Protein chains: 2
Amino acid sequence: MRLTTKGRYAVTAMLDLALHSHQGPTSLADISKRQEISLSYLEQLFAKLRKHELVSSVRGPGGGYKLSRESESIFIAEIIDAVNETIDATNCHGAGNCHKGDVCLTHHLWSDLSEQIHQFLSGISLADLVERNDIKAVADRQDAQERAQHEQVLAVIN
Amino acid sequence: MRLTTKGRYAVTAMLDLALHSHQGPTSLADISKRQEISLSYLEQLFAKLRKHELVSSVRGPGGGYKLSRESESIFIAEIIDAVNETIDATNCHGAGNCHKGDVCLTHHLWSDLSEQIHQFLSGISLADLVERNDIKAVADRQDAQERAQHEQVLAVIN
DNA sequence: TATATATCCGACTATTTTACTCAGATATTA
DNA sequence: TAATATCTGAGTAAAATAGTCGGATATATA
């Protein structure tokens, strides 16, 4: 099982999308700036998210990505599944042939753990995260930073 | 967060130790044969397990490793912690400085997930696993295989 | 219709981690 | 003293991660 930057980036980007969903499609360039994730890397991740029909794209100026469903019915487990192969903790990916063609000594333990993690992460939707106060606070801070940067750019130009 | 072969090997080896604890210290060579884990790799893992005082060693012939505590008070989370750095799912390892010196958008989610996994894995002791019927069945099968192999060796010698 | 903006796509690469191997030192029992 | 084991450190192949780079394609707008 893996939970690395890749899965975290994907969830972060999807949450950023959910937070800004009211203002039309969001470009990866915007997400890249706000969340400090390389644009090219985001493109790779969104190719996978699009294949799994979690987002849809609008090409051209003013375009970007939007959630392909309402945020209430997009669950964290789906996002991680889309970019990482799986959140399965067993070595045999559930096949049960991990030791000489049969289950290994600890197969059932990892199987239980996988179930536990999967239940936890598929019980949380993007909408749930958007509603959380601790996350709202972080989002507000990030938006304020973005506006401040924008004003600085304007000041330099004028 | 990672849960790969390394952590699984460590738990499997510790469980093997618990299952054979009544017959004195168990050599890594025995575990290597039963669980099909490379001896040299086991040596590396047990160096860490020993540093974390989960096992103690007896050198010389007839020696091997034994649990340094009773199996009731050795928990799976400890074993994984000992060989993997951590089972923390956050990028900042709990420090809260994952985004421009502050917490990132999804910090609290990963923090909650880590807590969830940690609670699950520290609620399970080696003794719990030894008592599980599905695991007993696997252990019995492995012991039977070992005896059969042993008899084959004897037959070849004689 | 030109231009800028954005998604799309594939190939390539540096770094890190995993999962080992190997050589040998050290301790202990018989 | 010989065999058995733990110990230790260094090295290494393969895989995954975390990107970069160059360019093609679609589309809104001036």
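This is a predicted model, so every value here is computed, not measured.
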Would you tell me if any nitrogen or oxygen in the side chain of [X] comes within less than 4.0 Å of OP1 or OP2 on [N]?
X      : N      : value
A:Lys6 : D:dT17 : yes
A:Thr5 : D:dA18 : yes
A:Thr4 : D:dA18 : yes
B:Arg8 : C:dA19 : no

Under a 4.5 Å cut-off applied to non-hydrogen side-chain atoms, are A:His107 and A:Cys92 in contact?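 Contact flag for A:His107/A:Cys92 side chains = yes.
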Side-chain atoms of B:Tyr65 come closest, of D:dG19, C:dC20, D:dC7, to D:dC7
What's the [atom1]-[atom2] distance between [X] and [N], to the nearest Å?
X       : N      : atom1 : atom2 : value
A:Arg50 : C:dA6  : CZ    : P     : 17 Å
B:Lys51 : D:dT6  : NZ    : C1'   : 13 Å
A:Leu28 : D:dG19 : CG    : P     : 15 Å
B:Leu45 : D:dT8  : CG    : P     : 15 Å

Counting neighbours of CD on B:Glu53 that are heavy atoms of other residues, nucleotides or ligands and sit closer than 6.0 Å, is the number greater than 12?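 Counting other residues, nucleotides and ligands, CD of B:Glu53 stays at 12 neighbours or fewer.
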Measure from the side-chain N and O atoms of B:Thr12 to the backbone N and O of B:Arg8, and report whether any donor-acceptor pair falls under 3.5 Å.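 Indeed, once roles are kept as given, a pair shorter than 3.5 Å links the two residues.
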Taking DNA chain C as the partner, which of residues 99-111 of chain A come within under 4.0 angstrom of it by heavy atom?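 Those residues whose heavy atoms fall under 4.0 Å from DNA chain C, taken from residues 99-111 of chain A, amount to none.
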Which residues, if any, of residues 30-43 of chain B bring a heavy atom under 4.0 Å of DNA chain C? B:Ser38, B:Ser40, B:Tyr41
Students often get this wrong, so: under 4.0 angstrom with heavy atoms, is B:Phe46 touching a base, only sugar-phosphate, or nothing?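 Nothing, no heavy atom under 4.0 Å.
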Residue pairs, two or more places apart or on separate chains, that pass side chain to side chain donor-acceptor pair (under 3.5 Å) and touch residues 35-44 of chain A: A:Asp16-A:Gln35, A:Gln35-A:Gln142
Who passes salt bridge (Lys or Arg N to Asp or Glu O under 4.0 Å) against B:Glu115, sequence neighbours left out? none
What residues, two or more places apart in sequence or in another chain, satisfy salt bridge (Lys or Arg N to Asp or Glu O under 4.0 Å) together with B:Lys136? B:Glu131
Go through the steps for B:Asp134 and B:Arg132 under the test salt bridge (charged side-chain N to carboxylate O under 4.0 Å, His left out), then give the verdict. CA-CA 6 Å; B:Asp134 46 16; B:Arg132 279 179 63 158; 2.9 Å; yes
Could you run through nucleotides 25-30 of chain D and give me one letter per nucleotide, 5' to 3': B if any protein heavy atom sits under 4.0 Å from the base, S if only the sugar-phosphate is that close, - if neither? BBBB--
Can you see whether A:Trp110 engages A:Ser114 through a side-chain donor-acceptor pair at a distance of less than 3.5 angstrom?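 Per modelled atom types, A:Trp110 and A:Ser114 side chains form no pair under 3.5 Å.
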Distance from B:Ile74 atom CD1 to B:Met14 atom CE, nearest 0.5 Å? 4.5 Å
Taking atom types as they are modelled, is there a donor-acceptor pair under 3.5 Å from the base of C:dT21 to the side chain of B:Gln44? yes
When hydrophobic residues are tied together by side-chain contacts of less than 4.5 Å, even through go-betweens, does A:Phe75 share a cluster with A:Ile79? no
Are A:Glu146 and A:Arg34 close enough, and set up right, to give a salt bridge (charged side-chain N to carboxylate O under 4.0 Å, His left out), and what steps lead you there? CA-CA 7 Å; A:Glu146 207 187 2; A:Arg34 275 195 293 265; 3.2 Å; yes
